[in-house]
Structure formats: structure tokens, C-alpha cells
Amino acid sequence: MSVHFRKLALIGIGLIGSSIALAAKRQGLVEVISIATRRQETLDEARELGLGDIYTLDPAEAVRGADLVILCAPVGAYADLARAIGPALEPGAILSDVGSVKRHVHEVVGPLVPEGVHFIPGHPMAGTEHSGPSAGFAELFTGRWCMLTPEPDVDRAAVDRLVAFWKGLGSNVELMDAAHHDLVVAITSHVPHLIAYNIVGTADDLGNVTKSEVIKFSAGGFRDFTRIAASDPVMWRDVFLTNRDAVMEMLGRFLEDLSVLQRAVRVGDGPALEALFTRTRAIRRSIIDAGQDSSAPDFGRPHEAPPAVDTGFVREHGGGDDA
Ligand code: NAP
């Protein structure tokens, strides 16, 4: 199975696009990378970082002659992008994407894909809260999952090539139905982001005095929510606009369970609380065992020793240095 592509076109070069560019180059998976963005500043930044070989503001120009095209822009931009690149796509090329929702992508892009082009949507389950071309790094996909959601009638050899490409970038790959993908990510990613946006927003609404205390005392739980809630606003707006059904279903279940938990707190049902917290701790353990997170305490954050304290204590023999 040849993983080698002649020309990779990346439409959008933020965190995900730049990470693909760096990893694909490092692993020797592509000969030439062409990059298209919407704004000149982003294109200049990508050029300064040396992420590709061809730079353009015209997505159609970027995809001309490409045997692999990956949309790496926010999902809300896909319909316009698909219309722009459609006529320039080469027969036999693979058209893929990295969007966080999949049914919507099939619905809006699928009908615009010309005959002879293999359309294989994808979603690498990897990311950080940082955005833009300088946020990328070649190791982003290592050991992470990438879901591909081709329709059943898509050319098998093309799917195998794209699977091999993502494996070459370091990912584990799973093929999945788009609707099932959307439900899975609704609970594993989208609802958690909504909860984080909500809790940070609530704290922000609490007024100035409390707010400064929230920031000052933001240890543990709240601080971890703020990391998630710092994720790109446009990307996440599009996620909730385009995965509404799955998010509503999972949110409904979440709210039911939250009511049960609320009652357990109100009536002081210690055994119920402890039973749930024990079950959830085991889930954290299994994520670490599956290699999907670090087992280091506090997510491996560096911890500095506190500054030396002058206790005023003088040793019997002068209290000098002890080295
Ligand atoms: P990002 O860092 O914000 O970068 C977005 C890129 O898309 C920029 O290069 C931007 O260029 C370009 N873009 C925006 N609007 C465009 C338009 N209308 N036409 C052409 N290009 C446009 O975003 P990202 O985090 O890489 O996310 C990109 C995609 O990956 C999204 O679909 C997202 O759902 C998916 N994804 C993200 C993560 C994550 O954790 N971040 C994880 C998995 C999948 P300009 O600066 O020129 O506008």
C-alpha cells in the first residue's frame, strides 16, 4: 500500500492543518504541500514557518494537481470551500477533512464532490486549546485516534491509502458511520466543552468581587475547565451549529443524570455519591491504561518548590551554608 502522495493540498492551516503538514513532511508521506488560507496574514505566517511549498489565497489553485486534499478550516466554511474547489479537483484524488462533526460534512460537501473524486471525511481526535499555524506540532496525532467515515460505496483502495496516511502520521484509525461518530463525539467532546463554556461563563457572571476570587483561587477543577473553555470560539460555534441533534440527545441524558446527582447532594445520599465517584475514577484509570492521557499527577504540570523561608533560626554552629 503506497502511502506516498505527490501533492497534498491543505485548505486552512491552523492547529490541525499545520500539524498535518509538519508530520507528513517529517514522515516523508508527501512530495509537495500546497496551502490555502482565507487571510493573507495567516498565509504569510505559514510561509515564515516553512509549513509548505506552495502558498495561495485561492483554494482552487491549491488543489490543482493534488492527489490528496484535506479541508482543515472551521466546518462552517466547508460549503463555500467545496463549491470553490470542486471544478479544480483531479479525477482520482482523495478529498478528506478534519472537521469535528461528520454527518453535516457528508450532507453539505458530498453533493458538491465531482464524479471520480474519492470523498472520505475524517476527524483526528487530537487537539489543544491553541489555534493558528504556529500552534501545530508533528507529534499531535501520535497514539491518538482518527475516525474516517466513508460511505459504503467509496473505493476501497482509496480508503486504504488514507488509512495508511493517518497511520503514517502516528494515529490509530477507525472506520465508522458518520451518525455514530457524531453521537460518540457529542458525549466525549462536545458536551464536555459546553459544560466548560457554561461553568466558566457562570463564574464570570458572578460579579467582580467573586470573579477576582475565582481567578485568584482557581486551583484544580475550575482551572482545568478554563483550559477547555479557551478553545477556538469560531470552531466551537460551528460544532454546535452542525451537530445539534447528537448534542441535544446527549445533553438531555446529562441533565437527567445531573438532577439525580443534585438530589443525592440535597438529601445527603453519601453512598450514592461515593458509588458514582468510584465508578468515574475507574474510567479515568482506563483512559490512562489505554495510553490516551498522562498518569502524571495534575496532568504533568511542572510544580516549583516554594521560595526559601527565612525562619530567623540560627544554628548552633553559625547556621551558615550547608552545601
Ligand atoms: P484554527 O487553528 O483556528 O485554524 C483554522 C484555519 O482555517 C486557519 O488557517 C484559517 O485561515 C482557515 N479558515 C478559516 N475560515 C476559512 C475560510 N472561510 N476559508 C478558508 N480558510 C479558512 O483551527 P483548527 O483548530 O486547526 O481547526 C480546523 C478544523 O479542525 C475544524 O474543522 C475543527 O473542527 C477541526 N478539529 C479541531 C480540533 C482542535 O482541537 N482544534 C481537533 C480536531 C478537529 P485564516 O486565518 O486565513 O482565516
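In listed order, ligands and their atoms are each counted from 1.
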If you look only at pairs with a residue in residues 171-184, which of them pass as a side chain to side chain donor-acceptor pair (under 3.5 Å), with sequence neighbours excluded? His123-His181
Quick note on ligand 1: atoms under 4.0 Å from a heavy atom of Ala77 include exactly 17 (C), 18 (N)
Rounded to the nearest 0.5 Å, how far does CE of Met176 lie from NZ of Lys102? 12.0 Å
Would you say atom 43 (C) of ligand 1 has a protein heavy atom nearer than 4.0 Å? yes
With a cut-off of 4.0 Å, which atoms of ligand 1 are near a heavy atom of Arg39? 45 (P), 46 (O), 47 (O), 48 (O)
In ligand 1, the atoms that come under 4.0 Å of a heavy atom of Val75 are 32 (O)
To check your reading of the model: name the closest protein heavy atom to atom 36 (N) of ligand 1, its residue, and the distance in Å. Ser100 OG, 3.5 Å
Which atoms from ligand 1 have a heavy atom of Pro124 less than 4.0 Å away? 43 (C)
Indicate, with yes or no, if Leu8 and Leu49 share a hydrophobic cluster defined by side-chain heavy-atom contacts under 4.5 Å among Ile, Leu, Val, Met, Phe, Trp and Tyr. yes
Let's go through Arg281 and Thr278 carefully: what are the C-alpha distance in whole Å and the side-chain angles of both, what is the deciding distance for side chain to side chain donor-acceptor pair (under 3.5 Å) to 0.1 Å, and is it a yes or a no? CA-CA 5 Å; Arg281 180 179 245 194; Thr278 305; over 6 Å; no
Just which atoms of ligand 1 are under 4.0 Å from any heavy atom in His123? 43 (C), 44 (C)
Is the NZ or CZ atom of Arg161 both under 6.0 Å from the centre of the six-membered ring of Phe5 and within 45° of that ring's axis? yes
